[in-house]
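What follows is a single structure, written as structure tokens, with notes after it.
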Amino acid sequence: MTPNITDSISAEEVTDGSITNGFHQTETFNNHEQFSKYGFGTRAIHVGQEPDPHTGAVIPAISLSTTFKQSSIGVHKGFEYSRSDNPTRRSFEEAVAALEKGKYGLAYSSGSAVTATIVSTLGFGGHIISVNDVYGGTHRYFTKVAVNQGIETTFVDLTNPNNIISAFRANTKLVWVETPTNPTLRLTDIREIARLAHFHGAILVVDNTFMSPYFQNPLELGADIVVHSVTKYINGHSDVIMGIAVTNNPEINESLRFYQNSIGAVPSAFDSWLANRGLKTLHIRMRQHQENAMAVARLLEKSNKVESVIYPGLESHPQHTLAKKQAKGFGGMVSFRIKGGFDSANKFLQSLKLFTLAESLGGVESLAEHPARMTHASVSEEIRRALGVTDNLVRLSVGIEDKEDLLLDIQQALDAAVH
Ligand SMILES: *Cc1c(COP(=O)(O)O)cnc(C)c1O
């Protein structure tokens, strides 16, 4: 990547070095080296969150201003115009970067905008290798939009990392991985794919939405960029659409920042503030998501109304060992195949009382959906079959309600659906 940053906005370049805007007041939590000694919860609550130096407000005010006063031409407190950089957005970017063990965070108006921006930085031509059961919107972007920028994508089953080797071309610039995948929760060995990508001169992007920074940190495993749909676990309350990219590579950061400013798919200050508020409880939410998901998975595994259960935390998951090796947990997503095909799946989903039948995932409330007819309806039947997205497959986003209530709800819906 060869970034052209001559007109990108960098606070450090344009001030006299004494940034005193209140958002960078102390060195304690905004410095990459200094925060690293703190635990996850401490970082989630403190990084980028210094009290307002003028009022003492413990929670930084939402900075709605689109423009910022300059004391003389080009002399300001680190911000000029909010598309380029905004104090509330920057607080959030710094906080997520700290949780992903990265130096640079860049927030966008959606997870999809992150994908679009990263692909744009590749320039015309070029080749992408993507895991085959990538998020539907990412698949659509690669196959229907990136092609118009002369970019071709090859989709590969990466449960065996060696499958990638024959897919590399001279112009392969980027490898895109999601692990676990959606909805069949297959895993990819991030460290091994990073090694192979770098050997072939490509960078590795890992979509870490399903695990959240609490359970998995792909940058530590060799990824060059980690991306999230903030819409899911990071915000966690199903009321913000937003995305973020984190990297340790200064050139990638400059390039992404230039495109973030040039394309302008940036989040509002209000959404940045809401997402930052959600972020502060990410660690306790993820622990509860996982505890509940494990209990749900075990209940389903025991039930004679269920054909099979897919959850990386179960010993029966074919990649359970890899899950334990590269992640600190297994997350809150559980998929299963109900006995009796589509009709049972439909009856099960209609019978749930606490789980809501809806797309999306990662919020505090439990959701259930039917991938074949909902999230993956745009995928052709042939590809769905190859990916294992069958008509009896149900996907659960297990929320953080009381575990016993969720288990009772699942059991009564199974009883109603399968006799
Ligand atoms: C939802 C999602 C996206 C897209 O994010 P949006 O915020 O909806 O644009 C990308 N990847 C994964 C894994 C997702 O779940």
Side-chain angles (χ1 to χ4, degrees), residues 89 92 96 100 105-120 128 130-146 153 155 158 174-188 190 204-216 218 223 225-246 260 263 265-268 271-272 274-275 278-279 282 286 289 293 312 327 331-335 358-363 367-369 371 374-379 387 389 395-399:
R89 187 176 97 208
F92 177 71
V96 179
E100 276 294 8
L106 302 105
Y108 297 84
S109 53
S110 68
S112 305
V114 179
T115 309
T117 305
I118 290 175
V119 171
S120 292
I128 296 172
S130 169
V131 66
N132 61 348
D133 48 352
V134 71
Y135 174 73
T138 307
H139 187 273
R140 181 174 55 210
Y141 196 85
F142 289 160
T143 55
K144 305 240 159 75
V145 184
T153 305
F155 296 92
L158 293 179
L174 188 148
V175 176
W176 188 284
V177 161
E178 237 177 273
T179 176
T181 59
N182 172 26
T184 52
L185 307 173
R186 290 186 176 91
L187 269 59
T188 298
I190 297 172
L204 173 64
V205 178
V206 174
D207 182 337
N208 203 28
T209 301
F210 268 41
M211 285 280 95
S212 90
Y214 184 65
F215 282 135
Q216 185 166 270
I225 309 176
V226 54
V227 305
H228 287 275
S229 170
V230 169
T231 315
K232 316 295 168 49
Y233 286 109
I234 289 182
N235 179 60
H237 294 72
S238 305
D239 48 15
V240 168
I241 298 275
M242 216 170 126
I244 195 159
V246 179
Q260 180 192 42
I263 296 175
V266 293
S268 72
D271 281 352
S272 301
L274 271 179
L279 183 73
L282 181 63
M286 291 316 294
H289 279 297
M333 299 301 295
V334 178
S335 294
E359 297 192 1
S360 200
L361 61 114
L367 302 178
E369 68 116 5
M374 294 170 66
T375 47
H376 291 64
S378 65
V379 178
L387 295 176
V389 182
R395 188 191 78 179
L396 304 174
S397 171
V398 182

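Order of listing sets the numbers, starting from 1, for every ligand and every atom in it.
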remark   = To the nearest 0.5 Å, atom CG of N132 lies from atom CZ of R186 at 6.5 Å
ask   = Do any nitrogen or oxygen atoms of L361 lie less than 3.5 angstrom from nitrogen or oxygen atoms of ligand 1?
value = no
task = Just jot down the ligand 1 atoms closer than 4.0 angstrom to any heavy atom of D207, in number order.
result = 10 (C), 11 (N), 12 (C), 13 (C)
ask   = Quick one: nearest non-hydrogen protein atom to atom 5 (O) of ligand 1, plus distance?
value = S229 OG, 3.0 Å
task = Check each atom of ligand 1 against the heavy atoms of E178 and keep those under 4.0 Å away; list them by number with element.
result = 13 (C)
ask   = Which protein non-hydrogen atom lies closest to atom 7 (O) of ligand 1, naming both residue and atom, and how far is it?
value = T231 OG1, 2.7 Å
query = Can you say whether the rings of F155 and F142 are parallel (under 30°), tilted (30 to 60°) or perpendicular (over 60°)?
reply = tilted
key: Closest protein heavy atom to atom 4 (C) of ligand 1, given as residue, atom name and distance to 0.1 Å   = Y135 CE2, 3.4 Å
request  = Look only at the side chain of T117 and the backbone of Q260, and say whether a donor-acceptor pair between them is shorter than 3.5 Å.
outcome  = no
inquiry  = For a 4.5 angstrom cut-off between non-hydrogen side-chain atoms, does T179 reach F210?
reply    = no
note = among protein heavy atoms, the one nearest atom 2 (C) of ligand 1 is K232 NZ, 2.5 Å
message = Does any N or O of ligand 1 fall below 3.5 Å from an N or O anywhere on T138, backbone included?
response = no
key: Distance (rounded to the nearest 0.5 Å) between R395 CZ and H376 NE2   = 7.0 Å
inquiry  = I'd like to know whether D133 forms a side-chain hydrogen bond (donor to acceptor under 3.5 Å, both in side chains) with T184, so could you lay out the CA-CA distance, the side-chain angles of the two residues, the decisive distance to 0.1 Å, and finally the verdict.
reply    = CA-CA 8 Å; D133 48 352; T184 52; 3.0 Å; yes
message = For F92, is there any backbone N or O sitting under 3.5 Å from a side-chain donor or acceptor partner on S272?
response = no
message = Taking 4.0 Å as the limit for heavy-atom contacts, which would you say applies to M242 with ligand 1: side chain only, backbone only, both, or neither?
response = backbone
